[in-house]
Engineer: 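So that we are looking at the same thing, I have put the structure below in structure tokens.
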Amino acid sequence: MNGERMDRELARLREGNQKVDLVVTDRAYVIYRDVPTRGAPLGLPEVTDVIVPVPAGYPAALIDLAGLPVGSPFLPRVKGGPNSQGIVQADGRQWQLASYHPHNGGGGPSWDQTRHGFHTYIDHLIAWLDRLA
Amino acid sequence: MKTRQERAIVRLAAPEWDQLREIVLSRYPNLEWASFARFGWRMTPEGLLVTLAALDPPDFGDLDYRVGNVAIQEPYSLRIALAAERHPLGVGVVHSHPRDCPPTPSRVDDDMDCYYATYFRDFAPRRPYVSLIVSILNGDIVVSGRVFWNGEWEPVARVLVSGGAECTWHPGEKAEQQGRARTERLSIAFGTEAEMRLRRATVAVIGAGGTGSAAIEALARAGVGRLILVDPDAIEQSNLERVHGSIPQDAERRRKKVSVGARHVRAIDPTIAVEALVGALPQEEIVHRVVMADVVLGCTDQQHSRLALSDLALRYLVPVLDSGVMLEGSNGRVTGQILQLVRFLPADACALCRGLTDPQRVAQELMPETERRQRRAAGMAAAQRGEVGNAYWRDLPQINTVGYQTTVAGAMQAGYAIGWIAGRFVPPFSRLQMNLVAPYLDITDVDQPPRDNCACRCFRGWADQARADALITAPMHWRKPRAVEST
């Protein structure tokens, strides 16, 4: 993992008032706190935490997937949510990874490590939590 | 001046080196001139690596043109010092000595260096101060230097020009007949100076399989003084057709490829220093070794390795030649035997600009085996549901190669490395493809310019000071590298 790059990207998120943490266990994850959702009209929370794995070799490998706390009411409603890509443990919680691939044919631009990163992935997460089924 | 035993290596590369040479030699042949410059650096177990990153050339009045030697005016020094507060690079002075005056520091040079070493430390602490002297002796450009680092002076042991011959000043050294019968033909063809350069040189070979082993053999036979071999894998039965120096017992005992390479080198010439490292780029321990080499050959044909090599060329100014080979066929006929050589010099476009890598393939190469299995299963499940499973996993065709193909590729790489080190010829392409079974070999030379907005245009020579802009980092799950042999 490129610690210097991660620091830079997370700092940019924090500059924009996005709460975010890097959690390193057997592998590294970025946890975005209180990401806004379109849940209110459905009686769901207006914000949720989201976990995203830091891919091995980052930034050479593209950022992929997104996860929500196990049991999250958003899981059945987000794109790829019902198609679990595994359960991970981080930050004292269990998270279910959803089949969400914005940079890999999932609707976003092709991965370009010179332009994209965790600081831009937030846009995909907001869009993901905005389009609820 | 208190001088430390460690030695620094300085790397220079076009276009900054070309511009710098033009500036400091602008009053040649009789008068000196100078320029401030910025340098990246990396501290390695072998010593300090310093890389030319940018120039701060003098404006009118910054140097006193009325005197023959270099007299830097205070406003110039102050401007450079204030700029250093805003960038992370080391600062240095490069100046010339008149033609045929050796680049030995004079008393005036000593005074200047002592002054600036402390002066810049106050503005930009914990950074090296670099002092280089350029001269032309007997028609050859030579450079000497020293670096003030951690409170002591380190002499510059070698000055390497990326994509060109070493230009270190070796006082008192004369080209002498080596009397080595084995390299006599090479010496006759390229000269005894070339032979000495090869003896002083280090070449790192990344990948000790079919292609790498052929390159290793050619380099050892040419008399390269030191070889660094890097590969994580062991010999398997299927490798025996390609790997030079391998024998069936190596596969039975699963001997590491780098050990086989080291043994083969010793059999050819026991005086060659060999470092056999089980590991891969861009692991930090491997990078430490590889950035100190004169030339690096990429022989893995893996995309993540290609990215790492491109990064080394860009940030550490290491000249790299990468290769790939492929066998194509249909209906029982061999239709293509493709060989590709890619040159990565610091001024060349990076691997991303050239579209040499696919992010998904790189991700698949780098992910842990558990994730690979999980993604393969997800891809198959998607296919069973009638969906496209590419987002989970994309099966990559097994690239077939055979021994004579990898030998051709490795030998060509070694040949160009010898040309670079000897200063006798250079790869006349940035990317070369050929098909060994096509008419006229179907040779394609692709010169791809860098993208205007690519980060690779900003950090040439920044070394560790542009870590945040590294193209790739080693996965956490890779095994720690280890040296299996060192002679």
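Per chain, numbering begins at 1; letters A, B, ... match sequence-line order.
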Engineer: Between CZ of A:R27 and CE of B:M476, what distance do you get to the nearest 0.5 Å?
Structural biologist: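 One gets 9.0 Å once the value is rounded to the nearest 0.5 Å.
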Engineer: Answer with side chain, backbone, both or neither: which region of B:R385 has an atom nearer than 4.5 Å to a non-hydrogen atom of chain A?
Structural biologist: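 Only the side chain of B:R385 comes within 4.5 Å of chain A.
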Engineer: When rounded to the nearest 0.5 angstrom, what is the spacing between CG in B:L352 and CH2 in A:W111?
Structural biologist: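 The distance works out to 11.0 Å.
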Engineer: Taking the side chain from B:Q360 and the backbone from A:N104, do they hold a donor-acceptor pair closer than 3.5 Å?
Structural biologist: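 Pair absent, no side-chain N/O of B:Q360 close to backbone of A:N104.
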Engineer: Can you say whether A:Q85 sits under 4.5 Å from chain B via the side chain, the backbone, both, or neither, judging by heavy atoms?
Structural biologist: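 Looking at A:Q85, backbone and side chain both touch chain B.
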Engineer: Against chain A, label B:Q303 side chain, backbone, both or neither, depending on which of its atoms sit under 4.5 Å from a heavy atom there.
Structural biologist: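 Neither part.
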Engineer: Which region of B:Q374, side chain (C-beta onward) or backbone (N, CA, C, O), has a non-hydrogen atom less than 4.5 Å from a non-hydrogen atom of chain A, or is it both or neither?
Structural biologist: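 Answer is side chain: those atoms of B:Q374 sit under 4.5 Å from chain A.
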Engineer: Using a cut-off of under 4.5 Å for heavy-atom pairs, which of B:R375, B:H477, B:R361 has the most such pairs with chain A?
Structural biologist: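 Maximum pair count with chain A is reached by B:R375.
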Engineer: Which region of B:L307, side chain (C-beta onward) or backbone (N, CA, C, O), has a non-hydrogen atom less than 4.5 Å from a non-hydrogen atom of chain A, or is it both or neither?
Structural biologist: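 Interface part for B:L307: side chain.
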Engineer: Decide yes or no for B:D469 and A:R5: does some side-chain heavy atom of the first lie under 4.5 Å from some side-chain heavy atom of the second?
Structural biologist: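 The answer is no, as the side chains (C-beta and beyond) never meet within the 4.5 Å cut-off.
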Engineer: Is atom CG of B:D395 surrounded by more than 12 heavy atoms (other residues, nucleotides or ligands) closer than 6.0 Å?
Structural biologist: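 Yes, the 6.0 Å shell around CG holds more than 12 heavy atoms from other groups.
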Engineer: Between B:I472 and A:G57, which heavy-atom pair has the shortest distance, and what is it?
Structural biologist: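 Taking every non-hydrogen atom into account, CG1-O, 3.8 Å.
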Engineer: Is A:D7 close to chain B through its backbone or its side chain, or both, or neither, when contacts mean heavy atoms under 4.5 Å?
Structural biologist: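 Neither the backbone nor the side chain of A:D7 comes within 4.5 Å of chain B.
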Engineer: State, without any angle test, whether B:Y392 and A:N83 hold a side-chain donor-acceptor pair at a distance under 3.5 Å.
Structural biologist: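 Result is yes, a qualifying pair exists.
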Engineer: Relative to chain B, which segment of A:R8 carries a heavy atom at a distance below 4.5 Å: side chain, backbone, both, or neither?
Structural biologist: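 For A:R8, side-chain heavy atoms alone lie under 4.5 Å from chain B.
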Engineer: Who wins among A:S99, A:S110, A:G3 for the most heavy-atom pairs under 4.5 Å with chain B?
Structural biologist: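 Heavy-atom pair counts peak at A:S99.
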Engineer: Quick check: are there more than 12 heavy atoms from other residues, nucleotides or ligands sitting under 6.0 Å from CD of A:Q89?
Structural biologist: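 Count over threshold, so yes.
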Engineer: Would you say the side-chain atoms of B:T473 pair up with the backbone N or O of A:Y58, donor to acceptor, closer than 3.5 Å?
Structural biologist: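 Indeed, once roles are kept as given, a pair shorter than 3.5 Å links the two residues.
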Engineer: With only heavy atoms counted, which part of B:A474 is less than 4.5 Å from chain A, the side chain, the backbone, both or neither?
Structural biologist: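 The answer is the backbone of B:A474.
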Engineer: Less than 4.5 Å to any heavy atom of chain B: does that hold for the side chain of A:V24, its backbone, both, or neither?
Structural biologist: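 Side chain only.
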Engineer: Take atom CZ of A:R131 as the centre, draw a 6.0 Å sphere, and report whether it contains more than 12 heavy atoms from other residues, nucleotides or ligands.
Structural biologist: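 Counting neighbours around CZ of A:R131, 12 or fewer heavy atoms of other residues, nucleotides or ligands fall under 6.0 Å, so no.
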Engineer: With only heavy atoms counted, which part of A:P59 is less than 4.5 Å from chain B, the side chain, the backbone, both or neither?
Structural biologist: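 Both the backbone and the side chain of A:P59 come within 4.5 Å of chain B.
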Engineer: Would you mind checking which part of B:R451 comes under 4.5 Å of any heavy atom in chain A, side chain (CB onward), backbone (N, CA, C, O), both or neither?
Structural biologist: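 Answer is side chain: those atoms of B:R451 sit under 4.5 Å from chain A.
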Engineer: Does the A:N2 side chain pair with the main chain of B:R467, one donor and one acceptor, at a distance under 3.5 Å?
Structural biologist: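 Checking the backbone N and O of B:R467 against the side chain of A:N2, a donor-acceptor pair under 3.5 Å is found.
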Engineer: Count the heavy-atom pairs under 4.5 Å between each of B:P359, B:A378, B:C456, B:A363 and chain A, then report the option with the highest count.
Structural biologist: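 Top count of heavy-atom pairs under 4.5 Å with chain A: B:P359.
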Engineer: What are the two closest non-hydrogen atoms of B:L366 and A:A60, and how far apart are they?
Structural biologist: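 Closest heavy-atom pair between B:L366 and A:A60: CD1-CB, 4.2 Å.
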